[in-house]
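Written below as structure tokens is the structure these notes are about.
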Amino acid sequence: MNDDAPGRLRRSQLSFGKDDKDGFIHRSWLKAQGLPEDVFDGRPIIGICNTWSELTPCNSHLREVADYVKRGVWERGGVPLEFPAMSLGETQMRPTAMLFRNLLAMEVEESIRANPIDGVVLLGGCDKTTPGQIMGAASVDLPTIVVSSGPMLNGKWQGRDIGSGTDVWRFSEDVRAGAMTMAEFRDAEAGMSRSKGVCMTMGSASSFAAVAEGLGIALPMNASIPGVEAGRFRMGHLAGRAIVDLVRQDKRLSQFLTRDAFENAIRTHAALGGSTNSIIHLLALAGRCGVDITLADFDRLSREVPLIANIQPSGDFLMEDLHYAGGVPAVQAEIAPLLHLDAPTVGGVTLGEVIAGAPCWNREVIATVEQPVKRRAGTWVLTGNLAPGGAIMKPSAASPDLLTHSGIAVVFEDIEDYKARIDDPDLPVDPTSILVLKNCGMKGYPGMPEVGNMALPKKLLEQGVRDMVRISDARMSGTAFGTIVLHVTPEAAVGGPLSLVCSGDRITLDGPNRSLTLHVENDELERRRAAPQPERALPARGYLKLNEMHALQPDQGCDLDFLVGSSGDVVARESH
Ligand code: FES
């Protein structure tokens, strides 16, 4: 069955091809699962890395998807072996799922390398599972395909569509403003989450599933086929076939994850109005692959890309609508002149072949370059004395009249301070103020939670105010919206200038010119820096200590510094 190039020994044969005691042990214990002798004759052994979990509802159908992947693997002459990986449920994990993305990446990397597999299919979906899995796989560099969970069906409530996350933020503010009852609020919960699958807005999960398409490491429509639709299972079956082909051709992840592929992914992501979280994940992935992508590239590459997909939170529709309108390929077809069409994909064709003639069935959902949903899309990378390492904002989700704004800071030292004071009737805040939140970075929180879209003061909500400029070292959910400056680097907890901002300081956001300025003299900033600071409690042990010691800042993808790069797939020693 081994039809590889002559002389190349498949890595699984280093375990199963031996006639000695070690070979006996590797084969015999797998035979306990009913595998016959001839599956060890040199066929591709395919690992299916599954982040299924009932604590991650977005991934809770991935055992079923895995069964379809296995069908495709068997059909093509491979042998599928499913294994679990830590599941990161965005809605359940505390303090935040992002804290554990690197732990998942480390687990996936070592699981792939340590086991006798020739290729791997990554089953993930909920926000941090997909990037964590790809990062880990990239540091081993076997043939790899991503199969995502797929979005939930459109949310439905009171006769209309509602979007995961995006409408939660709206409803929550409506309740606080007295415009929605608590009974209505609770009633909307079941309507919002109607099926298994990821958030059905262009949140972080769908954004990164689309990034996988843009990188060429997932099959077309990976991001948009609903999680419970038969098409999702068909895609699993096709991915099972494709991974066996990739192993036979020895096409490894590094052959797809090139600079061109990253540029395609960044531009696809901009046209979709993707999540700001993808920026951190792509920077981390580039670090794993040795691809020279910087934060500034996100701004530069997305400048000519308008918003094509009319999907919440930047637009009106939901992922199910995007799927029926033509999915990511139809969006990519609109920006084809900006893409590297000769980039390969795991389906065996180039990106140009994937999107050639990709139809659009609904121009309300997928617009054109000539008449886009919005001219401003992508990512704005801001710099200035408040963010020497950069900060980002998503103009497509912001209020146009706030993109250039100067205001007086209302500062919260941490999230507890924010929660304690935000609804204080005496809080000195008005609609022109700028809300500043500190100590929500990768080390400071820890894990950089999605709190950057901090809710507005109740007294302003009651006046009808629905957006203000907000600045923090936090992230925000991909489903969120507003004029929100995120990922201020360096974070406050490691002494970034954000830590020196005081209430009453003037700050100017000049989005079109990409600047973020704190109008305080350097002498005064130095005086503040020299003043005694409250001591931060540092973690004493465990993974939190590892994060504290080694987490990089957002401009480097928040990876752990010792995980940057790759160690390949070679394991020099036997276990027995
Ligand atoms: Fe899992 Fe949104 S909470 S994708």
Side-chain angles (χ1 to χ4, degrees), residues 50-63 65 85-101 104 122-134 146-155 161-172 188-213 218 222-229 232 269 272-278 280-281 311-314 318-320 322-323 328 394 397 447-453 475-481:
N50 200 339
T51 53
W52 167 88
S53 168
E54 289 180 342
L55 283 166
T56 307
C58 321
N59 295 8
S60 60
H61 56 306
L62 289 181
R63 292 299 314 282
V65 175
M86 181 182 190
S87 197
L88 310 179
E90 193 69 28
T91 54
Q92 309 303 329
M93 294 188 88
R94 298 186 295 170
T96 176
M98 176 64 183
L99 175 60
F100 306 108
R101 182 203 64 178
L104 168 63
L122 305 175
L123 298 190
C126 196
D127 297 7
K128 309 304 175 297
T129 54
T130 308
Q133 286 177 293
I134 303 174
V146 172
V147 176
S148 298
S149 298
M152 289 189 246
L153 299 173
N154 284 4
D161 283 3
I162 57 173
S164 311
T166 304
D167 276 305
V168 179
W169 319 128
R170 286 201 185 104
F171 292 162
S172 165
E189 286 177 12
M192 182 164 288
S193 304
R194 292 177 52 235
S195 74
K196 295 172 181 175
V198 301
C199 295
M200 87 304 271
T201 46
M202 189 54 74
S204 299
S206 290
S207 296
F208 219 72
V211 160
E213 286 189 59
N222 174 64
S224 63
I225 303 171
V228 293
E229 196 177 293
R232 179 65 44 188
H269 186 262
L272 288 164
S275 164
T276 46
N277 285 323
S278 305
I280 295 181
H281 302 323
I311 307 297
Q312 294 183 28
S314 297
L318 296 168
M319 289 302 293
E320 208 183 330
L322 178 68
H323 183 58
V328 172
K394 181 173 173 179
M448 212 179 169
E450 295 182 337
V451 297
N453 55 317
R475 296 176 299 116
M476 75 171 179
S477 165
T479 64
F481 52 88

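Reckoned from all heavy atoms, side chains included, excluding hydrogens, waters and symmetry mates. These figures come from a predicted structure and were not determined experimentally. For this chain, numbers begin at 1 and follow the sequence in order. Whatever order the structure lists them in is the order used to number ligands and atoms, beginning at 1.
Under 3.5 Å, the side chains of His61 and Arg232 contain no donor-acceptor pair of N or O atoms. Side-chain atoms of Ser87 and Thr56 form a donor-acceptor pair, as typed in the model, at a separation below 3.5 Å.
Atom numbering of ligand 1 starts at 1 in the shown order; those under 4.0 Å from a heavy atom of Glu90 are 3 (S). Close approach to Cys58 involves these atoms of ligand 1, each under 4.0 Å from a residue heavy atom: 1 (Fe), 3 (S), 4 (S). Using a 4.0 Å cut-off to heavy atoms of Ala205, the atoms of ligand 1 that qualify are 4 (S). Counting atoms of ligand 1 from 1 in the listed order, those under 4.0 Å from a heavy atom of Cys126 are 1 (Fe), 3 (S), 4 (S). Short contacts between ligand 1 and Thr91, defined as distances under 4.0 Å to a heavy atom of the residue, involve ligand atoms 3 (S). Close approach of ligand 1 to Cys199 (heavy-atom distance below 4.0 Å) involves ligand atoms 2 (Fe), 3 (S), 4 (S).
With a 4.5 Å cut-off on side-chain heavy atoms, Thr276 and Arg475 do not count as touching. Annotation: side chain of Ile280 is in contact with side chain of Arg101 (closest heavy-atom distance under 4.5 Å).
Lys128 places no side-chain N or O within donor-acceptor distance of the main-chain N or O of Leu99, the cut-off being under 3.5 Å. No donor-acceptor distance shorter than 3.5 angstrom exists from the side chain of Asn59 to the backbone of Gly124, with no hydrogens or angles considered.
Here the protein heavy atom with the shortest distance to atom 4 (S) of ligand 1 is Asp127 OD1, 3.3 Å.
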